[in-house]
Every structure is written in structure tokens, then in C-alpha cells.
Amino acid sequence: MMNLRAATLADLALLQHWDKQAHVVASDPNDDWNWRVELGRTPDWREQLIAEIEGRPIGFIQIIDPAQEDSHYWGDVAANIRAIDIWIGEESNLSKGYGTKMMQLALARCFAEPVVTAVLIDPLVSNTRAHRFYERLGFKFVERRRFGDDDCLVYRLNRADWYPQSIIRL
């Protein structure tokens, strides 16, 4: 059974290790998450979560309110939207359905708030595997957009297109 728990400073070494994995670097090459500082912050607009299976950490999820987020990474965004960052930590845990389950849990968490109308994601243009993954989950392409040095595709999942009954058990 997979669960999500809050990431803490106790996860610092693990997150720094995951950040050095080739598949993680390839999906997010230009970001410095500054874990030592960020794990100590708990702003109202963000959740940083570790996905675990039977107590074993396998991935990371960040859920933000892009309208409130302090760096304004997403620019002007309507209220009541969320944005997700997600990755599997170890390459050996890829292609096992864990990412799907992580996203399903994250989406359920987002849409548990009745005011949330949609969720955004922004995989790199080069990450075609991620594009297919998000499309299978119901996300629709919105636009191609640069975020700093990153050339991304923005996808959106509206509440009306979300299927909570599709949550699978792992």
C-alpha cells in the first residue's frame, strides 16, 4: 500500500541523493531545490511529500498553489488551481506503476479541496514519456512555454475530467 507523508529535514540526504540520479536530472536539469532550506519551510501554498510503499521511500511530490507561490514561477494564474512536481527517486523503481499511483494520490489530495478546479504540470518538451503518462491520466495539452532555461509543455487536468474511481491500490 502506498502512502504520502510530509517531507522533513530527515529526508535531506535521500532527496539530495535522488537529485543526482540521471533520470531525475534529465527531467529537471536546471533546478536547484535547495533542500536544506526548503525542507525547513512550510508555507501555506505548498506541500512537499514523500511517497512510500510499506515505509520504503520511492518518490517525491510537490503540490503548490501557483497563484500564491512566492517565486511566481507560473506567472499570473487564476485562484483555485494546483500544480504538481513529481519524480521517482531510483531508476529501479521506474515502470512499476508507482508514478501512476503517486499521481492518483496527489490528484485526490488536490481535488479533495472543493474549490480546486484544475491541476497543472510542466514536463520538458524532450520528456515524451512524461507527456504520454500525463495524457493517460487525463491531462490535456495547453501550451508550449519556457520556464527560465526549460522548454516545457504545460498540461492541465480539469476537475470535470478527473476520474477518482480510477485510483488503484499498490
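The ring of F139 has its center no closer than 6.0 angstrom to the ring center of Y155.
Note that CD1 of I86 and OH of Y134 are 5.5 Å apart. Values are rounded to the nearest 0.5 Å. Atom CG in N3 sits 10.0 Å away from atom CG in L49 (nearest 0.5 Å). The structure places CG of N93 at 11.0 Å from CD of Q21, a figure rounded to the nearest 0.5 Å. The CD1 atom of I61 sits 12.0 Å away from the CD atom of Q48 when rounded to the nearest 0.5 Å. With rounding to the nearest 0.5 Å, the separation of CZ in R159 from CG in L107 is 11.0 Å. For the atom pair CE (M103) and CZ (F133), the distance works out to 6.0 Å, reported to the nearest 0.5 Å.
For A78 against A67, the heavy-atom pair with the smallest separation is O-CB, 3.8 Å. Summarising the geometry of A7 relative to F60, their closest heavy-atom pair is CB-CE1, 4.5 Å, with the distance given to 0.1 Å. Across all their heavy atoms, C110 and V119 have their closest contact at CB-CG2, 3.9 Å. Shown here for L39 and T8, the closest heavy-atom pair between the two residues is CD1-O, 3.4 Å. Taking both residues in full, the closest heavy atoms of E69 and W45 are given as CG-CZ3, 3.3 Å, listed atom of the first, atom of the second, then distance. Summarising the geometry of H23 relative to I88, their closest heavy-atom pair is NE2-O, 2.8 Å, with the distance given to 0.1 Å.
Within the 3.5 Å criterion, the main-chain N or O of D151 finds no donor-acceptor partner in the side chain of R144. The backbone N or O of V115 lies less than 3.5 Å from no partner atom in the side chain of E113, so there is not a single donor-acceptor pair.
Checked for salt-bridge contact, R82 and D65 meet the test: a charged N lies under 4.0 Å from a carboxylate O.
Relative orientation of the F111 and W162 rings is tilted, given thresholds of 30° and 60° on the angle between their planes. The aromatic rings of F147 and W74 sit perpendicular to each other, their planes meeting at more than 60°, with 30° as the lower class boundary.
Within a 6.0 Å radius of CG in D76, other residues, nucleotides and ligands contribute 12 heavy atoms or fewer. Remark: E135 CD is packed, more than 12 non-hydrogen atoms of other residues, nucleotides or ligands lying under 6.0 Å away. In this structure, E143 places its CD atom where more than 12 heavy-atom neighbours from other residues, nucleotides or ligands lie under 6.0 Å away. Atom CZ of R36 sits in a sparse spot, with 12 or fewer heavy atoms from other residues, nucleotides or ligands closer than 6.0 Å. No more than 12 heavy-atom neighbours from other residues, nucleotides or ligands sit within 6.0 angstrom of CG on D44.
Inter-residue side-chain proximity for I58 and K101 is flagged as unmet; no heavy-atom pair is nearer than 4.5 Å. Taking the side chain as every heavy atom from C-beta outward, K96 and I53 never approach each other to under 4.5 Å. In this structure the side chain of K140 never reaches within 4.5 angstrom of the side chain of N158, judged on heavy atoms.
For residues 114-131, the pairs satisfying side chain to side chain donor-acceptor pair (under 3.5 Å) are Y73-D122, S95-R129, with sequence neighbours left out.
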Working for side-chain contact (heavy atoms from CB on, under 4.5 Å), residues R46 and Q68: CA-CA 9 Å; R46 178 183 74 195; Q68 301 295 317; over 6 Å; no
Give the intermediate values and the outcome of side-chain contact (heavy atoms from CB on, under 4.5 Å) for residues Y98 and M2. CA-CA 8 Å; Y98 297 159; M2 183 180 291; 4.0 Å; yes
For a side-chain contact (heavy atoms from CB on, under 4.5 Å) check, start with the C-alpha distance between D19 and Q16, then their side-chain angles and the critical distance, and finish with the verdict. CA-CA 5 Å; D19 267 357; Q16 289 173 331; 5.6 Å; no
Verdict with supporting geometry, W33 and Q62, side-chain contact (heavy atoms from CB on, under 4.5 Å): CA-CA 11 Å; W33 283 77; Q62 177 172 263; 3.4 Å; yes
